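Note that these values count all heavy atoms, side chains included, but never hydrogens, waters or copies made by symmetry. Everything numeric in this text was worked out from a predicted model, so none of it was measured. Residue numbers begin at 1 in each chain, while the letters A, B, ... track the order of the sequences.
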Amino acid sequence: MPGVLVYVEQVDGEIAAVTRELLGKGKELAAALGGPLSAVVVGSGVGALAEKAAVYGADTVYTVDDPRLSPYTTDGHVAAAKVAVAATQPALILAGASFQMRDFGAALAADLDAGLVVDAIDLKAEGGAVTAVRPSHGGNVINTYAFAAGRPVVALVRKQSFPEAQPGAAGSVQALALGGAEIRTTVTSVAPKTGAVNLTDAAIIVTGGRGLGDKDNYYRLIPPLAEALGGAYGASRAIVDAGWVPYEHQVGQTGKTVSPKLYVACGVSGAIQHLAGMRTSRNIVAINKDPDAPIFRVATFGLVGDVNEVLPLLTQELKARLSR
Amino acid sequence: MHIVVCMKQVPRDNSVKINPDLSINADGIEKIINLFDEYAIEEGIIWNEKHGGKLTVLSMGTDEWVEQMRRALAMGATDSLLLKDPAFATLDTIAAAKVVAAAIRKLGDVDLILTGRNSTDDESGAFAPALARVLGWPQLTYVGKVIDVNPGNKTITAERHLETVVETVTAPLPAVVSVIKDINNPRYPSLLKIKKVAKVEPPVWTAADLGVTGITSAVTITQRVPPPPRPSGEMIDGPDAAAKVKKLVDKLLENQII
């Protein structure tokens with residue numbers, strides 16, 4: 001049956017938001033392809049998670065539950081996914097586009113000799129064929145892909161591309177066995193990153209750039225504004241390279257690509273490499289003293305002013321108005 | 001030991017044009033080594049200096065790539081290899097991985113392959129995992145620190161830096177590793193070395209040399225367009241900073257953005 005298989009991504013033992021998005025879109029695509037929507041939960045002790053996943057629209061949620069599958073290894077999770085692929089023969093396999101899922105999805109596609117699209121922002125199924133849309137070249141090019149007939153398609157999808165599925169009637173849960181899998185990598189520790197910021201998940205991001213003047217100003221102005229908005233804080237490449245802020249905060253072509261609901265760029269000129277990482281944000285506020293800064297060309301709201309004067313006022317105003 | 005670094009040439013910025021045949025036109029834009037591949041080259045140099053042997057930079061591209069390969073040699077790579085064939089021009093990532101895998105098999109003695117986490121033009125990050133699977137080797141992607149490469153035990157231990165966690169992972173060699181930006185600080189090539197490698201021509205292997213004629217892509221690009229323009233924004237004005245800030249917050253609240 002030419003259906004859709006969704007790989008259920010786990011975050012801190014819960015179903016990732018992107019999985020609920022994929023189950024929603026997957027239902028529509030499976031209907032267009034004329035097959036069922038299946039999901040697969042891979043890991044150790046994942047029965048309860050499969051029950052939770054089953055209310056988001058999949059006809060069947062498969063589990064591949066085995067102690068060898070926790071923590072994540074490419075060998076283990078690809079082998080498990082292939083068991084589910086063999087059981088469902090999907091035309092389309094969907095997963096999120098996080099680092100771990102890129103590791104997994106590209107390996108799975110290579111094993112299946114499948115068509116592969118990474119970081120898709122839209123998917124269609126018409127006449128039994130899947131097409132996908134993804135940006136490249138720092139968002140300056142939007143590509144549409146078609147796939148060879150008779151081979152499955154693996155699509156890794158950017159978060160927040162589709163609305164989340166709403167809970168409803170539960171589908172069935174069915175266990176599959178991993179069987180023999182050679183797992184060659186040994187994971188000796190999995191440690192949370194200290195002070196980690198998951199910029200790619202944040203709904204609001206406040207980013208600082210060279211216009212702040214120095215490192216002290218960054219920390220004096222940017223984190224408090226982010227806190228007042230309930231968001232995360234990012235940085236331009238220039239100030240990461242200057243050593244003001246750790247790399248994991250960097251937004252842009254060589255940092256993180258983000259699509260938050262609100263992106264506040266403070267003292268960021270808007271170099272093309274920076275725009276590449278944030279231009280898909282739904283709303284952009286730009287604050288810069290140079291009225292000709294390129295960042296204003298993508299801004300929803302632009303404010304010309306000195307960040308050192310504007311940001312404390314803005315933080316104060318937001319705290320008062322949002323009662324934070 | 002023999003380390004291979006897979007590197008790609010990319011346009012310095014991505015303000016590229018789209019040709020009528022849907023290929024990318026980056027004429028007039030400076031070409032550079034893909035930024036993440038520079039970190040892979042540096043990491044290769046570090047472990048080559050420690051263990052000796054060869055460090056080959058391998059690229060699939062045209063003669064245009066040679067200049068960047070010379071830069072890698074000037075940084076400290078010992079060998080270079082260019083895979084060049086008109087048939088390679090339009091391959092998708094998995095098909096390209098099959099070609100590179102054929103070259104690795106032909107080299108025969110490779111212990112470790114390093115590459116950047118993704119190219120800054122295509123941005124998929126799929127090449128390293130695809131190459132590892134085609135070769136049947138283990139993979140360590142998004143590596144932020146190589147803790148040890150042990151040619152005696154034939155193992156590599158490294159930290160994988162994901163969005164919110166760091167995994168410490170050991171894999172048997174040969175393996176494929178993709179690296180992220182904070183793994184090291186790539187060195188600048190010395191003028192002396194730049195002069196020394198200025199005329200080096202890398203060996204070239206074609207599809208026939210590799211026995212890979214008939215590889216096809218599973219993915220075809222059917223449309224390439226610039227992104228839709230963002231609706232024009234609104235400049236917030238006012239007599240002073242405080243007035244502008246008030247107006248901005250009004251707008252954010254009115255539009256239910258916050």
Rounded at 0.5 Å granularity, tell me how far [atom1] in [X] sits from [atom2] in [Y].
| X | Y | atom1 | atom2 | answer |
| --- | --- | --- | --- | --- |
| B:Gln256 | A:Asn283 | CD | CG | 11.5 Å |
| B:Glu123 | A:His137 | CD | NE2 | 8.0 Å |
| B:His161 | A:Phe99 | NE2 | CZ | 11.0 Å |
| B:Asp240 | A:Leu313 | CG | CG | 8.5 Å |
| B:Leu252 | A:Ile204 | CG | CD1 | 9.0 Å |
| A:Gln100 | B:Arg160 | CD | CZ | 4.5 Å |

Neighbours of chain A found in residues 137-146 of chain B - heavy atoms under 4.5 Å
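Checking residues 137-146 of chain B against chain A gives B:Trp137, B:Pro138, B:Gln139, B:Leu140, B:Thr141, B:Tyr142.
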Per-residue contacts, residues 6-31 of chain B versus chain A, heavy atoms under 4.5 Å
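Near chain A, by residue number: B:Arg12, B:Asp13, B:Asn14, B:Ser15, B:Val16, B:Ile18, B:Ile24.
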Ignoring hydrogens, what is the shortest heavy-atom contact between [X] and [Y]? Give both atom names and the distance.
| X | Y | answer |
| --- | --- | --- |
| A:Val118 | B:Ser124 | CG1-O, 3.2 Å |
| A:Leu116 | B:Ala126 | CD2-CB, 3.5 Å |
| B:Ala241 | A:Val310 | CB-CG2, 4.3 Å |
| B:Pro172 | A:Arg184 | CD-O, 3.2 Å |
| A:Gly115 | B:Val219 | CA-CG2, 4.0 Å |

Per-residue contact mode, [X] against chain A (heavy atom under 4.5 angstrom):
| X | result |
| --- | --- |
| B:Asn185 | neither |
| B:Leu162 | both |
| B:Phe127 | neither |
| B:Asp182 | both |
| B:Ile221 | both |
| B:Asp237 | neither |
| B:Ala132 | neither |
| B:Thr155 | neither |

I'd like to know if A:Arg134 and B:Asp122 make a salt bridge, using a cut-off of under 4.0 Å between side-chain N and carboxylate O.
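Yes, A:Arg134 and B:Asp122 are salt-bridged.
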Using modelled atom types and a 3.5 Å cut-off, is there a donor and acceptor pairing between side-chain atoms of [X] and backbone atoms of [Y]?
| X | Y | answer |
| --- | --- | --- |
| A:Gln253 | B:Thr120 | yes |
| B:Lys181 | A:Gly255 | no |
| B:Arg230 | A:Val298 | yes |
| B:Arg133 | A:Leu108 | no |

Do [X] and [Y] come close enough that some side-chain heavy atom pair is under 4.5 Å?
| X | Y | result |
| --- | --- | --- |
| B:Leu248 | A:Glu317 | no |
| A:Leu262 | B:Ile258 | yes |
| B:Lys251 | A:Val285 | no |
| B:Lys98 | A:Asp113 | yes |

Could you go through A:Ser189 and B:Thr168, starting from their C-alpha distance and side-chain angles, then the distance that decides it, and tell me whether this counts as side-chain hydrogen bond (donor to acceptor under 3.5 Å, both in side chains)?
CA-CA 5 Å; A:Ser189 75; B:Thr168 305; 3.1 Å; yes
Applying salt bridge (Lys or Arg N to Asp or Glu O under 4.0 Å) as the test, list every pair that has at least one member in residues 270-294 of chain A; sequence neighbours left out.
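Residue pairs passing salt bridge (Lys or Arg N to Asp or Glu O under 4.0 Å), neighbours aside: none found.
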Heavy atom to heavy atom, less than 4.5 Å: which residues from residues 142-149 of chain A reach chain B?
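Within residues 142-149 of chain A, the residues that come under 4.5 Å of chain B (heavy atoms only) are A:Ile142, A:Asn143, A:Thr144, A:Tyr145, A:Ala146, A:Phe147, A:Ala148.
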Kindly indicate, with the supporting measurements, whether the criterion side chain to side chain contact (heavy atoms under 4.5 Å, CB included) is fulfilled by B:Val245 and A:Leu318.
CA-CA 9 Å; B:Val245 161; A:Leu318 286 165; over 6 Å; no
